[in-house]
Number of protein chains: 2
Amino acid sequence: MSGRGNGEGVFEAAAPDWSFEDGEGAPRPQASLLSSAMVGSANRGRVLQALFDLGPTSRAELARRAGVNRTTISGIVQPLLDQQVLVEGEPIPSSEGGGKPARPLWFAPDARPICGMLLMPDSVRTCLVTLEGRISAEHVEAFGPSRGSDAIERAIAAATERTLAAAHREPLGIGVAVGGMVDTDRRSIIAVNLAPAMNGLQLGAALTRRFGLPAFLDHHPRALLVGDRWFGKGRGARHFAAVYTGEVLGGALYLGGRLYRGPSGAGGELGHTFVQVDGAVCSCGRRGCWETIATLGWLRREAQAAGIAEPERIDSARLVAFAEAGDAAAGELLDRYARNVAVGIANLEQTVAPNSYILHGDVVGGGERLKAAIAAHVRRLVPDRGTGELAFHLGETEDRAALLGAAGLVLSELLQFPL
Amino acid sequence: MSGRGNGEGVFEAAAPDWSFEDGEGAPRPQASLLSSAMVGSANRGRVLQALFDLGPTSRAELARRAGVNRTTISGIVQPLLDQQVLVEGEPIPSSEGGGKPARPLWFAPDARPICGMLLMPDSVRTCLVTLEGRISAEHVEAFGPSRGSDAIERAIAAATERTLAAAHREPLGIGVAVGGMVDTDRRSIIAVNLAPAMNGLQLGAALTRRFGLPAFLDHHPRALLVGDRWFGKGRGARHFAAVYTGEVLGGALYLGGRLYRGPSGAGGELGHTFVQVDGAVCSCGRRGCWETIATLGWLRREAQAAGIAEPERIDSARLVAFAEAGDAAAGELLDRYARNVAVGIANLEQTVAPNSYILHGDVVGGGERLKAAIAAHVRRLVPDRGTGELAFHLGETEDRAALLGAAGLVLSELLQFPL
DNA sequence: CATGTTAGTTTGAGGCTCGCACAAACATAG
DNA sequence: CTATGTTTGTGCGAGCCTCAAACTAACATG
């Protein structure tokens, strides 16, 4: 029956670098060659990824999609069934012309969950996420006014502890979305504005040591992207970008079918790209960063200048509401805001051409109206190559998107084989 | 002796998509799985790539670098030796401690060359390039004032014909650097400013049909990058960017050990990213593109305003010469020019963080002085992550860089297995 | 009930890398 | 000159993986 012997480490890469004890970067050989074992692991990952993207699917269908033999899929899938990672669903009656009914495969309902964590300057939020994207066992801890290093670590540990206690099976890992700069190789925090006590924190190593689970960090915008890739509008896409707007600006890229991370996890710091040389002074001390014209700070100042009611409380949602109520000044400001956001997206499109954008953060509150306005401006600002259209989507609401993204970091690491 | 049977298609991918007759995009399955044959092809490519990057190297050394068994390298390399793609060099005397002398492997001196082509609005230039980066059999054809479609195609064919006639062995393929927009998937030209007769030209398919060789196109900046990757400062790097400045601005990216191409080969159109919202009108009709402040056009206008001699003839080389001769106005303009170039590079660094930049085009004439000025400005404009330093290099002179790059396109395609 | 169609499994063959053992070619110490 | 150690490169069998072909199971249709 079953297994050809390749099932011992299901859901694990051939050489899982997160198994290293210390937090140092994995000593992965530079341009290593491929071995049969890696092929097995990589193909298993691709099959699971395809299953994820397609929903419940039969072996035959998976084989057709991947362009491989049915027997290959059977060989990959059988150990996963034996291990209860996957289950066979009810037979789907054959369509016209007859034929044996297909047995769709899907992740077991009681498959191992993922622990997602959102770490912000003033609080930590943890939860469990199922492979189908359901969130449960949510816990929040605030750090209190002192925000000392100890208090933060205690709060993180407490929240994680309570969330993990709710898991019926051991989670696949812990994914952390950090509201600050992260060194993804070292799985440590570089710096968090407003919470300097976190600077240099070796969080990945600490979580692994304490809870015995693999832990992965990334900064907030990249987590949003990863969440979209696994649980949202980016599912199955080969190229897309996530753009976060709010008090700050950030972004992340999915390029050529894989998450893009620069050296040490750099890249995507869109907020401090220049769109207005010698423009307004930015919080970073430079002039003319995109952040100076496409954040809530700009919006509030302009709302004040335009005489809009309660300018200090303005955001995309309220602005759109005013505009739709017929407030001309609000409509005009809405358009300028959309234009300013579009400028950075247009630059991104010219630079790496993801062609598809998922908007997160404050603009989500602006709904379809704001999205359409941004899209129109981007299309006007990008020279036409006559090849493909630009697509725009709205992401999930803020906390939910971040938690799903944090969980997605674990999936990316487990299924995204280092080829 | 020899071959384990994997040598029939040396230097060819498992499924060479350039073998398709028509110019349609290759119907490569979306997320295909890996097979043994692909492993062999990919590993062969990686070994050759490593050899390229390291220079003459013994099997044992290659095995150590790749972290694989010596027998594996032998198995990969033996068919290549049988086919005269590689040759064994003279034994290298063993160092201290004795041991059998190593036999370094290197590409055969009479290995198949590559045909490189540089296609500009007014002329075509072809040549042969050896695997060691030597250029020969250069031919140039001008299109004449009419620049009709027929004249252009005749000129291309004539130059190619003469260059190919000089090849002792059949070239591996034809690589074309195009001074315009290219659809790399379809291997066709989208548009060339100043030469609208080229628009829509299916050049890749035409060359393959006429000369029976695989042909690959890309736009000029990406060819420069590829040339750097194989024959220049980008050799062996995992991340770097090429930036071209001159009458126009362009760029290309090498990310995570592979050439980045967006959908249909988009990406890298840096010249029309916005750095000055509502700034000066650009040739594209928009306002504030990077091109409006970092091209020779800007430099000439500013030189005129600054009262520099012969402003219409100014370029980086002359500007640096003036500055070094003590012309204060030239020194001040040089610094502003460097700053303007640096703005776009800083944006690129913030977006994808290549960390390493190779400068091409006009700025090369400015030499170390201009390079240092640009580097200083970029370092000032990019927030410090405390992780890694930025590196800057000057590329080769203009035509040489482009021809090497065109040839490199063929290497990239043959050695860069689609994993 | 015979025939056609599709899903999934069994079996053997072929490719690839790996570990082990072995021959070849050096250096060094005695 | 001989014995020993070291490094390079080469057979050989084992293990893993995919593939093709043949086979069974489960449905439709006439």
Side-chain angles (χ1 to χ4, degrees), chain A residues 1-9 14-15 29 32-47 57-64 66-79 81 88-105 417, chain B residues 1-9 14-15 29 32-47 57-64 66-79 81 88-105 417:
Chain A
M1 183 123 299
S2 95
R4 310 257 203 85
N6 64 351
E8 80 295 339
S32 153
L33 300 190
L34 277 52
S35 70
S36 294
M38 290 171 65
V39 168
S41 156
N43 281 355
R44 183 166 54 242
R46 293 199 182 185
V47 166
T57 310
S58 72
R59 299 164 236 247
E61 178 67 14
L62 285 171
R64 275 192 296 268
V68 300
N69 201 290
R70 287 203 306 275
T71 58
T72 303
I73 300 292
S74 282
I76 292 173
V77 147
Q78 194 51 252
L81 287 167
E88 273 186 336
E90 285 308 298
I92 297 176
S94 59
S95 58
E96 54 157 48
K100 178 176 173 176
R103 308 291 305 263
L105 302 174
F417 35 90
Chain B
M1 181 124 303
S2 96
R4 309 258 202 87
N6 64 351
E8 80 295 339
S32 153
L33 300 189
L34 277 53
S35 69
S36 294
M38 288 170 65
V39 168
S41 156
N43 281 354
R44 184 166 53 242
R46 292 200 182 184
V47 166
T57 310
S58 72
R59 298 165 236 247
E61 178 67 14
L62 285 171
R64 275 191 298 268
V68 300
N69 201 292
R70 288 202 305 277
T71 57
T72 303
I73 300 293
S74 283
I76 292 172
V77 147
Q78 194 52 251
L81 287 167
E88 273 186 336
E90 284 308 299
I92 297 176
S94 58
S95 58
E96 53 157 48
K100 178 175 173 176
R103 308 291 304 264
L105 303 174
F417 37 90

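In what follows, chains carry the letters A, B, and so on, assigned in the order in which the sequence lines appear, proteins first and then strands, with residues in each chain numbered from 1.
Nearest-nucleotide positions on DNA chain D place B:Pro104 closer to the 5' end than the other of A:Asn43 and B:Pro104. The residue among A:Asn69 and A:Ser35 whose nearest nucleotide of DNA chain C is located toward the 5' end is A:Asn69. Between A:Ser36 and A:Ser58, it is A:Ser58 whose nearest contact on DNA chain C lies nearer the 5' terminus.
Listed by chain and number, the residues in a side chain to side chain contact (heavy atoms under 4.5 Å, CB included) with B:Val47 are A:Leu33, B:Leu62, B:Ile73, B:Ile76, B:Val77 (sequence neighbours excluded). Contacts of B:Pro104 classified as side chain to side chain contact (heavy atoms under 4.5 Å, CB included), with partners at least two apart in sequence or in another chain: B:Pro56, B:Ile92. The side chain to side chain contact (heavy atoms under 4.5 Å, CB included) search around B:Ala102 returns B:Ser58, not counting sequence neighbours. In this structure B:Arg70 satisfies the salt bridge (charged side-chain N to carboxylate O under 4.0 Å, His left out) test with no other residue, sequence neighbours excluded. Among residues two or more places apart in sequence or in another chain, the side chain to side chain contact (heavy atoms under 4.5 Å, CB included) test is passed with A:Ser35 by A:Ala37, A:Met38.
Rounded to an integer number of Å, the gap from B:Arg103 CZ to D:dT8 P is 14 Å. Taking atom CG of residue A:Leu33 and atom P of nucleotide D:dC16, one finds them 20 Å apart after rounding to whole Å. Remark: C1' of D:dC17 and CD1 of A:Ile73 are 13 Å apart, rounded to the nearest angstrom. Distance B:Arg44 CZ to C:dC16 P: 8 Å, rounded to the nearest Å. As rounded to whole Å, 13 Å separates atom C1' of D:dC17 from atom CE of A:Met38. Rounded to an integer number of Å, the gap from CZ of A:Arg46 to P of D:dT18 is 11 Å. Nucleotide C:dG8 holds its C1' atom 12 Å from the CZ atom of A:Arg64, rounded to whole Å. The separation between B:Leu34 atom CG and C:dC16 atom P is 13 Å, rounded to whole Å.
Between A:Gln78 and the phosphate of C:dT9, there is a side-chain N or O to OP1/OP2 separation shorter than 4.0 Å. At the phosphate of D:dC19, OP1 or OP2 sits under 4.0 Å from a side-chain N or O atom of A:Thr72.
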The contact string for nucleotides 22-30 of chain D, one letter per nucleotide 5' to 3', using protein heavy atoms under 4.0 Å with B, S and - for base, sugar-phosphate only and none, comes out as ---BBBS--

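For A:Leu34 against B:Ala42, the heavy-atom pair with the smallest separation is CD2-CB, 4.5 Å. Between B:Arg103 and B:Glu90, the closest heavy-atom pair is NE-C, 4.4 Å.
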